[in-house]
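These notes concern the structure reproduced below.
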Amino acid sequence: MHLSDILRAPKAVLHDHLDGGLRPATIIELAREHGYDKLPTQDPAALGTWFRDAADSGSLERYLETFAHTCAVMQTREALERVAAECAEDLAADGVVYAEIRYAPEQHLERGLTLDEVVDAVNTGFREGERRSGGRITVGTLLTGMRHTDRSAEIAELTVAHRDRGVVGFDIAGGEIGNPPARHLPAFQHLKRHNCHFTIHAGEAVGAESIHEAVQVCGAERIGHGVRITDDITVHEDGTATLGHLAAYVRDNGIALEVCPTSNLQTGAAKDYASHPIDLLRRLGFRITLNTDNRLVSGTTMSREFAHMVEAFGYGPEVFEEFTVAALESAFLPLPERRRLIDEVVRPGYAALRQG
Ligand SMILES: O=c1[nH]cnc2c1ncn2[C@@H]1O[C@H](CO)[C@@H](O)[C@H]1O
Ligand SMILES: [Zn+2]
């Protein structure tokens, strides 16, 4: 599959962090405006490389340290609007037709914004970015509670309050070790009471028990990463595999895994692309979606993730169509909107690609 075809292919991303995907030049400009003087360099290209290299640490905790610089410049209404608008533009330019972008509102209160103002600013930015992209992309947001703080119940309430106004669901993120998802049970119970969607980062730095808790105790509809479900799968010498009860449950219920290969290599959740479990899981029938996680921090785009998969596993357009349809089927959008995107945008887009 050629690069130009990859770029043209319609894509959907369910797992992309707003604060992990800023343009380097924007960070530098905003840092000047805000008087933030801790950036490692003032050169956009060097800053992009710095993030990717600093995040290439083999540990999730060190990967997450780099977000101090992006969050530092996302503290005003104008900055949040700009970052969100540019995010939508960059994704649309990469062929993304549907995106769920997540961020933690509690990390944007340093200069006096309220949680509601943060959410409104981000939503305004996304509407502007959609408009500038000529309506080629639809963006919904997920509000993230941080696993190591105690504001998740409040963020869950914020999610319910802003549902149907740009916010489509909830997530928890941050260091996984020592912060099991069930610690945030009141947040999930609140969302369930209000019939709200949520996903949970699990099975990235901790193994199957974290996925079990996220799915069976907390009730997650999708799993962020989830690649360590392989802990519950035995692959035999002849290539066949036996699934444990958890792996079978996740597969058989079509619980989508939001797989982010490049990010997994950086945090040590996988060794290299060729041995990344995405291909095994796909062959076993798991519902796989392909995602960026953090475009700046992981030095990636949806097209780059596609290209890595072409190189590692020889995937062609039919597999990317499968991933894209899976993402839309698991999107936190009303069913008619998912169907419209699949039938009117994704299927015709791949059909056109096949015709050359
Ligand atoms: O892959 C990840 N695993 C866990 N947490 C993450 C990941 N990527 C980003 N964040 C965390 O989510 C926050 C809100 O967007 C980010 O600030 C970062 O700390
Ligand atoms: Zn993530």
Side-chain angles (χ1 to χ4, degrees), residues 13-22 27 51-52 54-75 79-80 83-84 87 99-110 115 118-119 122 140-149 151-152 155 158-159 167 169-181 183-184 187 198-207 210-211 214 220 222-228 256-270 276 289-300 302 305 327:
V13 60
L14 299 181
H15 191 133
D16 184 285
H17 294 255
L18 183 66
D19 53 327
L22 288 76
I27 300 178
F51 272 100
R52 205 197 48 225
D56 232 2
S57 56
S59 118
L60 176 59
E61 275 66 27
R62 291 201 351 246
Y63 180 92
L64 296 179
E65 282 170 17
T66 61
F67 288 77
H69 295 300
T70 57
C71 288
V73 301
M74 296 169 71
Q75 300 297 337
L80 289 167
V83 168
C87 169
E100 285 179 11
I101 305 298
R102 61 188 76 193
Y103 64 99
E106 68 192 82
Q107 299 190 131
H108 306 281
L109 309 176
E110 285 168 18
L115 290 171
V118 170
V119 175
V122 171
T141 60
L142 304 179
L143 303 186
T144 293
M146 296 306 292
R147 313 174 79 109
H148 62 280
T149 69
R151 299 191 79 157
S152 57
I155 304 305
L158 192 69
T159 304
V167 176
F170 175 86
D171 161 53
I172 58 167
E176 194 174 7
I177 297 168
N179 297 301
R183 210 164 77 71
H184 301 279
F198 61 91
T199 176
I200 296 180
H201 276 76
E204 179 184 19
V206 179
S210 171
I211 300 175
R222 306 193 311 233
I223 296 294
H225 299 289
V227 285
R228 298 224 10 215
L257 303 181
E258 304 161 359
V259 180
C260 313
T262 301
S263 165
N264 291 158
L265 302 197
Q266 290 176 297
T267 62
H276 192 284
T289 70
L290 185 64
N291 300 274
T292 47
D293 205 11
N294 296 288
R295 285 167 291 111
L296 168 69
V297 176
S298 290
T300 194
M302 281 301 286
E305 296 298 321

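Note that the numbering runs from 1 along the sequence shown for the chain. Both backbone and side-chain heavy atoms feed into the values below; hydrogens, waters and symmetry mates do not. We count ligands from 1, going down the list as the structure has it; atoms in each ligand are counted the same way.
Across R147, H148, E176, M146, heavy-atom proximity to atom 13 (C) of ligand 1 is greatest for M146.
Of all heavy-atom pairs spanning T70 and F67, the tightest one is OG1-O, 3.1 Å.
When non-hydrogen atoms are compared, ligand 1 lies under 4.0 Å from neither the backbone nor the side chain of T70. Of all the heavy atoms of L18, none lies under 4.0 Å from any atom of ligand 1, so neither backbone nor side chain is involved. Of all the heavy atoms of H225, the ones lying under 4.0 Å from any atom of ligand 1 belong exclusively to the side chain. The proximity of Y103 to ligand 1, defined as any non-hydrogen pair under 4.0 Å, is limited to the backbone. When non-hydrogen atoms are compared, ligand 1 lies under 4.0 Å from the side chain of D293 (C-beta onward) but not from its backbone.
Residue contacts with ligand 1: G20 is excluded, as none of its non-hydrogen atoms falls under 4.0 Å.
Below 3.5 Å of separation, one finds an N or O of H17 facing an N or O of ligand 1. Inclusion of H15 in the set of residues having an N or O under 3.5 Å from an N or O of ligand 1 is not warranted.
In summary, R102 and E258 engage in a salt bridge, as defined by a charged side-chain N under 4.0 Å from a carboxylate O.
Among the atoms of H225, no N, O or S atom is found under 2.8 Å from the Zn ion (ligand 2). Residue contacts to the Zn ion (ligand 2): H15 brings an N, O or S atom closer than 2.8 Å. For the Zn ion (ligand 2), the set of nearby N, O or S atoms under 2.8 Å includes one belonging to D293.
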Check step by step if salt bridge (charged side-chain N to carboxylate O under 4.0 Å, His left out) holds for E176 and R228.
CA-CA 13 Å; E176 194 174 7; R228 298 224 10 215; over 6 Å; no

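Between the CD atom of Q107 and the CE atom of M74 there is a distance of 9.0 Å, given to the nearest 0.5 Å.
Checking side-chain atoms of H184 against main-chain N and O of R147 turns up a donor-acceptor pair under 3.5 Å. Formation of a donor-acceptor pair under 3.5 Å by the E110 side chain with backbone atoms of Q75 is not found in this model.
Checking N264, N291, T267 one by one against H225, the side chain to side chain donor-acceptor pair (under 3.5 Å) holds for a single residue, N264.
Under a cut-off of 6.0 angstrom, the local environment of CZ in R183 is crowded, with over 12 non-hydrogen atoms contributed by other residues, nucleotides or ligands.
When hydrogens are left out, the protein atom nearest atom 5 (N) of ligand 1 is G174 N, 2.9 Å; that is the closest non-hydrogen contact. Looking from atom 8 (N) of ligand 1 to the surrounding protein, the closest heavy atom is N294 ND2, 3.1 Å. Atom 3 (N) of ligand 1 has its closest protein heavy atom at E204 OE1, 2.8 Å. The nearest protein atom to atom 16 (C) of ligand 1, hydrogens excluded, is given as D19 OD2, 3.0 Å; this is a heavy-atom distance.
Using modelled atom types and a 3.5 Å distance limit, the side chains of T144 and D171 yield a donor-acceptor pair. Using modelled atom types, one finds no donor on one side chain facing an acceptor on the other under 3.5 Å when comparing T292 with E305.
Taking every non-hydrogen atom of Q107 and a distance limit under 4.0 Å, the qualifying atoms of ligand 1 come out as 13 (C), 14 (C), 16 (C), 17 (O). Near L64, with a cut-off below 4.0 Å to any heavy atom, the atoms of ligand 1 are 5 (N), 6 (C), 7 (C), 9 (C), 10 (N), 11 (C), 18 (C), 19 (O).
In this structure, NE2 of H17 and NE2 of H201 enclose an angle of 100° at the Zn ion (ligand 2), rounded to 10°.
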